[in-house]
Engineer: 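Here's a structure for you.
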Amino acid sequence: MTEPQLEEAVGVSRQTIVAIEKNRFLPSTPLALKIARYFSKPVESIFILEDND
């Protein structure tokens, strides 16, 4: 899987995907759900809410 494939599948820019990967951006609920759906995983298995969030 490449970043461009994920970008196209969920409708965001490369910068958004990179920022999420580097924990510089928290995705919106709809975006988090789209990413989880793309990977056929529950949101909680992809995104974890830290105690300091």
Side-chain angles (χ1 to χ4, degrees):
M1 124 91 29
T2 64
E3 287 176 353
Q5 289 170 323
L6 182 57
E7 296 159 20
E8 185 175 327
V10 299
V12 297
S13 68
R14 179 177 183 276
Q15 291 88 342
T16 299
I17 298 299
V18 170
I20 292 169
E21 289 174 340
K22 294 184 177 190
N23 291 322
R24 287 190 266 149
F25 176 74
L26 293 175
S28 65
T29 301
L31 178 54
L33 290 168
K34 286 179 184 179
I35 292 169
R37 183 185 306 159
Y38 181 81
F39 289 108
S40 299
K41 300 284 183 185
V43 172
E44 297 85 4
S45 71
I46 298 173
F47 298 101
I48 299 167
L49 185 61
E50 301 291 338
D51 288 341
N52 59 348
D53 286 341

Engineer: To check you understand the geometry: which heavy-atom pair defines the closest contact between A36 and P42, and what is its length?
Structural biologist: CB-C, 4.2 Å
Engineer: What's in the same ILVMFWY side-chain cluster as L6, cut-off under 4.5 Å, chained through other members?
Structural biologist: M1, V10, V12, I17, I20, F25, L31, L33, I35, Y38, F39, V43, I46, F47
Engineer: Residues sharing I48's hydrophobic cluster, by side-chain heavy-atom contacts under 4.5 Å among ILVMFWY, directly or via others?
Structural biologist: none
Engineer: Count the heavy atoms belonging to other residues, nucleotides or ligands that lie under 6.0 Å from CD of Q5, then report whether that count exceeds 12.
Structural biologist: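 Yes, because the 6.0 Å sphere around CD of Q5 holds more than 12 heavy atoms from other groups.
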Engineer: Can you pull out every salt bridge (Lys or Arg N to Asp or Glu O under 4.0 Å) where at least one residue sits in residues 14-35? Sequence neighbours excluded, please.
Structural biologist: E3-R14
